[in-house]
Structure formats: C-alpha cells, structure tokens
Amino acid sequence: MYALVDANNFYVSCERVFQPRLDGRPVVVLSNNDGCLISRSAEAKALGLRMGDPYFQVKPLLEQHHVTVFSSNYALYGDMSRRVMWYLGQVAPAVEVYSIDEAFLDLHGLVPFVVESLDAYARTVRANVLARTGIPTCVGIAPTKTLAKLANRLAKKLPALGGVLHLDSEDRRRWALEQVAVQDVWGIGRQYATKLHAAGITTAAALAGCTEAYARRHLGGVVGARLVRELRGYPCLGLAPSEDGTLARRSLCCSRTFGRPLSAFPDVTGAVSAFASRAAEKLRRQGDAAHLLTVFLGKSRYGPEPPPYSCSTTLTLPVATSDTVALVRYARAALKKLWQAGHRYTNAGVVLDGLEPAGQAQLGLFEVAPVSEKRARLMAELDALNRRFGKGTVRLAATALAPGQVVSPWEGQAQWRTPQYTTRLEDLLLVG
DNA sequence: TCTGGGGTCCTAGGACCC
DNA sequence: TCTGGGGTCCTAGGACCC
C-alpha cells in the first residue's frame, strides 16, 4: 500500500501560516518576475482563475474581487516543505519526496502491528502535519502509486471524505476510476488526453479497461503499459526513498526570465555567471560533481520573431567538478560560443548534467586533480557563510553588480514578496 | 509593457565496436 | 567485393510531472 500526502494549494497555505487573516479569502501566488499564477486558494479557483494565467491578463479580475497577491518566496516554501517532510519521515517506514509539496509513503507492514487501520493512521498524520506546520493536506491510499494519486485527487475534490480516501476494496477502486476524467490521470497530459478522447476513452475507468497493446502503441510504450496496469491495481512503480527528506537530482538547472529583454553581452554574462554560481551551490549541497554543463539562451515566444526560441550549447568537462570558479568559467565560455549580437534575449539558464558523487572523479593516467584541497575548503567556507548570512553574501566578482548598478539588470519584478520568516533572522516574525 | 522554473523517463537513430 | 548479427554509447526530441 502507498499513500500520497499532498498539500492543499501549498504556496498559498505557506503565506497563510504567517497571515491567518487570509483564511477564507481569495489568495494567489505569482511565478518569478510576477509572471503567472502558480498557486490559488480555493476561493481564487472559484473565481475562475486558472493555473498559469498571466498576471497582466487577470489583473482586472484580481482587483475587482480584492484578491490578495503574493510574489513567490521560495526560501519560505522550501523551508516549510522540509518541516512537513521531516515529520512524515518520523511516522512512515519509507518516504519518497516527490515534489516540494507531495510525498509518497510506503505503508507496507504497518497494519495490523503498528497501526490498527490505515484510514485512522492517515487522519492522524494529516492532523499532525496541520498542527505542527500549519499546512493542510489530503491523503490518498491505494495499492499502487497511480491509484494513490487518483485517490488523493478525489480526497481533495470531495469534502465529505474529510481529506482522506483509502481505496481498500475492488468496489472502491472501480468507483474511484469512474469519478475521474482521463485527462486527470497521473501521466496523461494534453497530447495523450486529446488522442484518448478521440478514441472515445474519457474516464480513468475506460483507460484501465484498454488493452496493453493499445497503451503501448499510443501512450509512449512501456510508460503507457505501466500506467494502465497501475490503474488496474498491479504495482509497477516502486518507492524511491529520499535520504534525509530531500531529493537528490540527476540534473540541476538554474534559469530565469530576465526582468526585461537584454541585448548587451556584459548583462547576459553577469546573469549566466550568477546562474552557474547558484547551480554550483545546489550541486555541492547534494554532494555531487558535474561533468556536463549546458548554457541556453531564449527569446520571446510571444513576439514577432519566428522560432527557434532558444539555442544551447553543452560542454563536456575534462573532469567532473562542483567548483564555482571552474563552473562559472565554463559557463562564460559556453555563452561566448552561443552569443549572437543584435538579439533581444528574454531568458537564460545553466544546466548541470552527468552528476556523480564529488571526490570520486576518475582521473586519467596523466591528469592531475584540478581542484585543490584548498579550493574545496574555500567552497565549503563560501557555502557556510552564505547559509549563515543569507544567499549571495559572498560571491564571485563575476556575479557582482557593475559600479553604479543598484539591481542586476536581469532581475525581475517581485512586488509582493513576503519576508523569509523562517530562514532569515532579520525576518523572524515578532509577536508582542 | 507584462506569459515560471524547475525536473523525470523513454525512444529512435547514428556512430562505433566485435 | 560483399556479407551478418549482435552489442554499447551518445544525442536529440518528445512526452510527462509539479
């Protein structure tokens, strides 16, 4: 048995923890650069606001209904997420952190020796997460991950269930499959949904009833075959336990849409250097080194220019590294290869791939380790200082502002950002 | 004027090897 | 000159997820 614990409107819920007066009121959180809606309270959803709506398009509606608007505050959300995941780690035999606001729990062996019923267990977990962190969640329990996802969706949708749905019988499984539209099944996106509707398959139940050959042919090969089997109740996807409540990535990316289009090489170089530097920090945090580095540059897909909207170049590094100085230098070299004068670039990013545990790089016969002990210590110091005093306290000159600049030219809007209540001493909430 | 920022996995095809 | 059946590795692209 698997459980999926999923927060309700996670980013909105995080903001509400620190502003309880917003309970029951419409609230939204915007993406980077205050671009789109990425989290909506139930009240905001009821107004017809959709995930991904561009802010400037729905602004009149937001004002008309006095919707509270927040810029995203990932330092806060990340910290709240760690609290939730830590607690789940205490009460479940194994936890897979699936995203910032969702976790799969492996419940095999809990009943009857540890808990009496999974239903009661789920209700307790849910109540404790709320009491300890202020974050409301729903729980779906089923024999497969795909069915747990589906149960979770119904637990969210049907208030009468009290936030928990356990698909503990064949009848309940069949009933649940009937309630869910095919496009809402985990693993069915826009393309597949269109194809399935055209074939007359409109519910999860109908999808569960299609042949394996059909699934293989039309839903991405083995992926589709697994999906259908999971819906029928045969587990094909195992739990990938997350050590210490965090997810070790196979690739890392740091990218941003600029506050405004940039055409000057030094501006974009500054941005790419900052992204490479940030990516290097993430890499060291998970204890890895990278041997592939990609830089990409993007142009607006909403402007008059035809595709392609982005270009990229990948460097194979001679030796895997997590050193900021080295990665920034490679990123700048890659950007130079990519750069074409005269374009208005709207976004850029740095991707690190080919990750391996740091310090285990295989050296060729005639190679010497390029990252000295001294350099590794320097990086450790840098990370410690930035952890203690806030991101960006210590950084490379390459990522610093030019003389006379107040903000980086690539940084965007964040008009409604809340303080980092839980991760910066200066922003601690004062009660008095 | 203003449209996010991360990730995963799979497949097909080509280069190259024995 | 032409012929075979495996393999592996890499890359690009496409689908999906939150």
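Side chains are part of it too, since the values below use all heavy atoms of this structure and drop only hydrogens, waters and symmetry mates. Numbered from 1 within each chain, the chains take letters A, B, ... in sequence-line order.
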Chemist: Run through DNA chain B and report every stem of 3 or more consecutive Watson-Crick or G-U pairs, distances under 3.5 Å, ordered by first number.
Modeler: B:5-18 with C:5-18

Chemist: Is a donor from one side chain sitting under 3.5 angstrom from an acceptor on the other, for A/E43 and A/H65?
Modeler: no

Chemist: Scan residues 128-154 of chain A for pairs that pass ring-ring contact (aromatic ring centres under 6.0 Å, His included), counting only residues two or more places apart or in two chains.
Modeler: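 Sorted pair list comes back empty.
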
Chemist: Could you work out, with side-chain hydrogen bond (donor to acceptor under 3.5 Å, both in side chains) as the rule, every residue matching A/N8, not counting sequence neighbours?
Modeler: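 None.
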
Chemist: Could you encode protein contacts along nucleotides 2-7 of chain B as a string, one character per nucleotide from 5' to 3', using B for base contact, S for sugar-phosphate-only contact and - for no contact, with a heavy-atom cut-off of under 4.0 Å?
Modeler: BBBSSS

Chemist: A/W410: what forms a side-chain hydrogen bond (donor to acceptor under 3.5 Å, both in side chains) with it, not counting sequence neighbours?
Modeler: none

Chemist: side-chain contact (heavy atoms from CB on, under 4.5 Å) with A/T269: which residues, sequence neighbours excluded?
Modeler: A/F265, A/S273, A/R332, A/L335

Chemist: Check side-chain contact (heavy atoms from CB on, under 4.5 Å) between A/T194 and all other residues, then give those that pass, not counting sequence neighbours.
Modeler: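 A/T194: no side-chain contact (heavy atoms from CB on, under 4.5 Å) contacts found.
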
Chemist: Can you list the residues that meet the side-chain hydrogen bond (donor to acceptor under 3.5 Å, both in side chains) rule with A/Y421, with sequence neighbours excluded?
Modeler: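 With sequence neighbours excluded, A/Y421 shows a side-chain hydrogen bond (donor to acceptor under 3.5 Å, both in side chains) to no residue whatsoever.
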
Chemist: Heavy atoms under 4.0 Å is the rule here; annotate nucleotides 10-18 of chain C 5' to 3' with B where the base is hit, S where only the sugar-phosphate is, and - elsewhere.
Modeler: -----SSSS

Chemist: Could I get the full list of side-chain hydrogen bond (donor to acceptor under 3.5 Å, both in side chains) partners for A/N347, not counting sequence neighbours?
Modeler: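 With neighbours one apart ignored, the set is empty.
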
Chemist: Using atom types as modelled, flag every donor-acceptor pair under 3.5 Å from a side chain in residues 133-161 of chain A to any protein atom, sequence neighbours excluded.
Modeler:
unit_1, atom_1, unit_2, atom_2, d
A/T133, OG1, A/V129, O, 2.7
A/T133, OG1, A/I135, N, 3.1
A/T144, OG1, A/L147, N, 3.1
A/T144, OG1, A/E230, O, 3.0
A/K145, NZ, A/E96, OE1, 2.8
A/K145, NZ, A/G238, O, 2.8
A/T146, OG1, A/E230, OE1, 2.7
A/K149, NZ, A/E102, OE1, 2.4
A/N152, OD1, A/K156, NZ, 3.2
A/N152, ND2, A/L4, O, 2.9
A/N152, ND2, A/C138, O, 3.0
A/K156, NZ, A/D6, O, 3.3
A/K156, NZ, A/D6, OD2, 3.4

Chemist: For a quick test of your reading: what N or O donor-acceptor pairs under 3.5 Å do the side chains of residues 47-58 of chain A make, sequence neighbours left out?
Modeler:
unit_1, atom_1, unit_2, atom_2, d
A/R50, NE, A/D53, OD1, 3.4
A/R50, NH2, A/D53, OD1, 3.4
A/D53, OD2, A/R50, N, 2.8

Chemist: Does A/R216 reach a base, just sugar-phosphate, or nothing at all? Heavy atoms under 4.0 Å.
Modeler: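 It contacts nothing in the nucleic acid.
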
